[in-house]
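Chain naming here is simple, since letters A, B, ... match the order of the sequence lines and numbering starts at 1 in each.
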Amino acid sequence: MSIRIHDTLTRETQEFVPLEPGKVSMYLCGPTVYDDCHVGHLMGPVVFDTIARWFRARGYAVRLVVNITDIDDKIIHKAQATGQLWNEVSEHYTAQYLQFMRDLGVESITDHPHCTHYVDEMVRFIGELIDAGRAYQAADGVYYRVSLQPGYGKLSGRKLEDTQSGARIEAQAGLENPADFVLWKNAKPGEPAWPSPFGPGRPGWHIECSVMASELMGPVFDIHGGGDDLKFPHHENEIAQSEAHGDAFAKIWMHHGLVQFSGRKIGKSDARMKDPEFSKQFNARYLLDTYGAPAVRFFLVRSPYRRPVDFEPSALDAARTGLVRLYRLLGDLMQDTTALDPAEVLSRPVGAELQALRSEFASSMDEDFNTGEAVAALFRMATLANGQSGTDREQTLRLLRDLGRILGLFQPGDLERVEKAGLAEDSELAGLVESVLGARAQARQDKNWARADALRDALTEAGIAVLDGASGTQFERIPGVEGDPVGILRRALE
RNA sequence: GGCGGCAUAGCCAAGUGGCUAAGGCAAUGGAUUGCAAAUCCAUCAUCCCCGGUUCGAGUCCGGGUGCCGCCUCCA
C-alpha cells in the first residue's frame with residue numbers, strides 16, 4: 001500500500017520514497033495575480049490539495065508551498081491600463097485567489113510565499129549564478145547562460161538545437177544564445193524597482209520558484225507540480241537555474257492536464273476568450289456562484305489529474321447532478337462535523353462487500369492518485385447502500401461519506417451550497433421563492449391542483465426545481481437558467 | 001518542422017495482457033407520486049483503421065488516420 005507516482009522527468013510511474021520518512025515536501029506553481037481566475041486556474045490547487053489529502057491519509061506530514069507571483073509585466077500593464085498602483089492590482093487579485101481556495105476547500109497549502117517578499121534572496125541567488133559564470137549581464141538585465149547547462153531540455157524532452165530551430169524566439173540583441181532567459185529585468189522609467197548590484201529592477205519569472213522553493217524547503221524536496229503548459233520553458237528553466245546553483249531541486253515532477261473547451265485549451269491568448277459571453281462561462285466566480293464550489297471541485301476530481309479535462313457547462317452540470325444524488329443519499333450524515341481520522345476510516349472493520357470497495361478506492365488513490373476510479377468506487381458504495389438496510393446501510397453510508405471527505409467532498413453545508421447556488425446573494429429572489437412555495441403548499445392543501453401546478457411551473461421557469469418529499473417540500477436551483485426569475489415569480493403570485 | 005499526449009456506448013469518462021470492458025449524465029421500461037420532480041430497481045459498448053507479438057490485447061509492437069498540448073505569456 002505504498003503510493004506510486006508518475007514522474008514527468010523519467011516518464012515512469014514509480015513507488016514514492018520520501019526524502020525524509022513520513023514527510024512530503026511539495027511545490028506548486030501558483031498564480032500571477034493580474035486578472036480574474038478562470039476554471040483552469042482552479043485545477044492545480046484542487047488537484048494538489050487532493051493529492052496532499054491522500055498523502056495525509058497515508059500518514060505523511062505534508063508541506064505544500066504555492067507561490068503568489070505578485071510582480072510581473074502583466075501586473076504592471078494592468079496597473080497602467082487601470083490607473084492603479086501595481087501592488088493594488090496584485091493585492092486585489094491575491095485576495096480573490098485566496099477566497100477561491102477557501103470556497104473550494106483547498107486547505108492543504110501550508111505556505112503562500114509572495115514573490116516580492118523574497119527579492120533579496122533572489123538577488124543573492126542571481127549574484128551567485130553570475131559569480132559561477134552561469135549568468136551574465138546584458139543591456140536590459142541579467143540572463144541565464146543556457147549553453148553551459150548539461151541536460152538542458154530533459155524535462156520537456158527537447159534539445160537546445162530544436163528550440164533554436166523553432167525560430168519563433170525573436171533573436172534578442174545582446175544575448176549569447178536565443179534560449180537564454182532573463183533572471184533580472186532592469187526597470188524602465190516609472191516601473192517598480194528593487195535595488196540590486198546589477199541595477200534597479202525586478203526578478204524574472206522563473207527565478208522566483210527556484211529561490212522560494214529552496215528558501216522554504218531546502219535545496220532538494222520531494223515533488224514539484226504544475227500545469228502541463230509550464231513544463232517548457234518555465235520548469236525547464238527552474239531546473240537549469242537550481243542545478244547551476246548546486247541545488248538538487250525536485251526529486252519528482254508532476255504535471256496536471258489542462259482544462260479545455262471543445263477539445264481546445266482555454267487560455268488568455270485564446271481568441272475566443274475575447275468574447276465576453278464566451279469567457280464568462282469559464283470565469284471562476286461565475287462558475288462557483290452558478291454551480292456551487294463543491295460541484296466545481298467534484299468536477300475537477302472526477303477524472304485523473306494527468307488527462308486534459310474537457311470543460312463545458314453540460315459536463316459540469318452532469319457532474320453536479322451525480323454529486324447531488326450522493327448528497328441526498330447521505331442525508332444527515334453530511335452535517336456531521338466530527339473530525340475525521342483517515343487511518344481509522346481506512347482500517348475500520350466493515351462487511352466484505354464494502355471492504356472490497358474500500359480497497360478499490362484506496363488502491364486507486366495509491367496508483368498515481370487516480371481520483372476517477374476512486375470516485376467510481378464511491379458511486380458503487382451508493383448502490384450498495386441502496387440495497388441495504390439497518391446497520392449495514394449505516395455502515396456503508398458512513399464509510400462512503402468518510403472516504404469522500406478524505407478527498408475534500410461531502411463537507412457540512414455542501415448540499416446547500418450546491419442546491420442553492422446563487423440564491424444566497426439574491427435575497428429578493430430567495431424571499432420570492434419562499435412565498436411561492438408557501439402559496440403552492442396552501443393550494444395543495446386545498447387540493448387546488450391547477451393553482452399548485454401553475455406555481456410549480458412558474459418556479460421551474462424561474463430556474464427553481466421543486467422537490468416534494470415526505471418531510472415537506474425542498475427546492476434547488478437549476479444552474480444556467482436564463483431569464484427574469486423575479487418577474488416570473490411576482491407574476492405568479494398575482 | 002521538433003518534442004509529447006490522446007482516440008473506449010448518445011455525451012463525459014476509468015481501465016496496471018486474462019473472470020461478465022468501472023463510474024457519471026442522458027435515454028428507455030418499471031416502482032413511487034394528486035400529476036410531476038426527486039428517489040429506487042432494471043436495460044443500454046467488444047474499445048479509430050490495418051498488420052504483428054502472445055495460449056490470450058482496449059491494454060504490448062509496427063504502420064496509418066484524426067484530434068490536442070508545448071516549442072511565445074499561460075494553470
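- Here the separation of U72(B) from A57(B), taken at their P atoms, is 44 Å to the nearest Å.
- A75(B) and G62(B): their P atoms are spaced 35 Å apart (whole Å).
- Residues Arg398(A) and Gln395(A) bring no donor and acceptor atom of their side chains to less than 3.5 Å of each other.
- Comparing the P positions of A7(B) and U16(B) gives an interatomic distance of 11 Å, to the nearest angstrom.
- Residue contacts for Pro304(A): at a heavy-atom cut-off of 4.0 Å it reaches the sugar-phosphate backbone alone, with no base atom in range.
- Rounded to whole Å, the distance from CH2 on Trp449(A) to P on A36(B) is 13 Å.
- Gly372(A) comes within contact range of at least one nucleobase, with a heavy-atom separation under 4.0 Å.
- Among the protein residues, Gln260(A) comes within range of the sugar-phosphate backbone only, with heavy atoms under 4.0 Å from sugar or phosphate atoms but none that close to a base.
- Distance, Arg440(A) CZ to C35(B) P: 13 Å, rounded to whole Å.
- Both the sub-6.0 Å distance and the 45° axial angle are satisfied by Lys420(A) relative to the ring of Phe475(A).
- Across A36(B), C73(B), A37(B), the shortest atom-to-atom separation from the side chain of Pro233(A) is found for C73(B).
- C11(B) and U46(B): their P atoms are spaced 14 Å apart (whole Å).
- For C25(B), the OP1/OP2 oxygens have a side-chain nitrogen or oxygen of Arg325(A) closer than 4.0 Å.
- Every residue two or more places apart in sequence or in another chain that forms a salt bridge (Lys or Arg N to Asp or Glu O under 4.0 Å) with Arg306(A) is listed here: Asp368(A).
- For Asp332(A), the CG atom is loosely surrounded, since the number of other residues' heavy atoms within 6.0 Å does not exceed 12.
- More than 12 heavy atoms of other residues, nucleotides or ligands shown are found within 6.0 angstrom of CD on Glu367(A).
- Checking A26(B) for Watson-Crick or G-U wobble geometry (two distances, each under 3.5 Å) identifies no partner in any strand.
- Here C25(B) is the nucleotide among A13(B), C25(B), A75(B) with the atom lying nearest to any side-chain atom of Thr321(A).
- Side-chain proximity of Cys29(A) to A75(B), A38(B), A13(B): nearest is A75(B).
- Nearest-nucleotide positions on RNA chain B for Val324(A) and His41(A) put Val324(A) closer to the 5' end.
- Along RNA chain B, the nucleotide nearest to Leu329(A) and the one nearest to Asp453(A) differ in position, and the one closer to the 5' end is contacted by Asp453(A).
- Protein atom CD1 of Ile266(A) is 13 Å distant from nucleotide atom P of A75(B), rounded to whole Å.
- For the pair Arg158(A) and Phe232(A), the cation-pi test (distance below 6.0 Å, angle within 45°) is passed.
- For His235(A) and His255(A), the ring centers sit closer than 6.0 Å to each other.
- Taking the six-membered ring for Trp and the full ring otherwise, the centers of Phe282(A) and Phe311(A) sit less than 6.0 Å from each other.
- U16(B) is unpaired under the criterion used here, namely a Watson-Crick or G-U wobble arrangement in which both key atom distances are under 3.5 Å.
- C67(B) and G5(B) make up a base pair, with Watson-Crick or G-U wobble contacts both under 3.5 Å.
- Regarding Lys265(A), its NZ atom lies at a distance of 8 Å from the P atom of A75(B), rounded to whole Å.
- Separating the CG atom of Leu230(A) from the P atom of G4(B) is a distance of 19 Å, rounded to the nearest angstrom.
- C73(B) is unpaired under the criterion used here, namely a Watson-Crick or G-U wobble arrangement in which both key atom distances are under 3.5 Å.
- A 4.5 Å side-chain heavy-atom check between Tyr97(A) and His112(A) finds at least one atom pair inside the cut-off.
- A donor-acceptor contact under 3.5 Å is not formed by the side chain of Arg328(A) with the base of A38(B).
- Atom CG in Leu323(A) sits about 13 Å away from atom C1' in C25(B), given to the nearest Å.
- Comparing C12(B) with G17(B), their P atoms are spaced 27 Å from each other, to the whole Å.
- Among the atoms of the strands shown, base atoms are found under 4.0 Å from some heavy atom of Val259(A).
- Regarding His235(A), its NE2 atom lies at a distance of 14 Å from the P atom of C73(B), rounded to whole Å.
- Within the 4.0 angstrom heavy-atom criterion, only backbone atoms of the sugar-phosphate kind lie near Asn370(A); the bases stay farther away.
- Taking the P atoms as reference points, U39(B) lies 36 Å from C49(B), given to the whole Å.
- Separation of atoms OG1 (Thr8(A)) and NE2 (His256(A)) is listed at 11.0 Å; rounding is to 0.5 Å.
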What does the list of N/O pairs under 3.5 Å between the protein and nucleotides 5-7 of chain B look like, with a distance for each?
from, atom 1, to, atom 2, distance (Å)
A7(B), OP1, Arg307(A), NH1, 3.4

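- Donor-acceptor pairing under 3.5 Å, judged by distance alone, is absent between the side chain of Arg264(A) and the base of G69(B).
- Between His6(A) atom NE2 and U16(B) atom C1' there is a gap of 14 Å when expressed in whole angstrom units.
- Only the C1' atoms considered, U59(B) is 32 Å distant from G1(B), to the nearest whole Å.
- Taking the side chain as every heavy atom from C-beta outward, Thr371(A) and Phe361(A) never approach each other to under 4.5 Å.
- Note that the CD1 atom of Ile207(A) and the CG atom of Asn237(A) stand 10.0 Å from one another [nearest 0.5 Å].
- The P atoms of C44(B) and G2(B) are separated by 47 Å, rounded to the nearest whole Å.
- At a non-hydrogen distance threshold of 4.0 Å, Glu373(A), Ala376(A), Phe379(A), Arg380(A), Thr383(A), Asn386(A) from residues 373-392 of chain A come into contact with RNA chain B.
- Closest to the side chain of Asp229(A), from the set C70(B), C73(B), G23(B), is C70(B).
- Both distances falling under 3.5 Å, in either a Watson-Crick or a G-U wobble arrangement, place A31(B) opposite U39(B).
- The base of A36(B) is paired with the side chain of Asp468(A) by a donor and an acceptor separated by under 3.5 Å.
- Nucleotide G58(B) has no partner under the Watson-Crick or G-U criteria, as no pair reaches both atom distances under 3.5 Å.
- Two rings, from Phe261(A) and Phe278(A), have their centers less than 6.0 Å apart.
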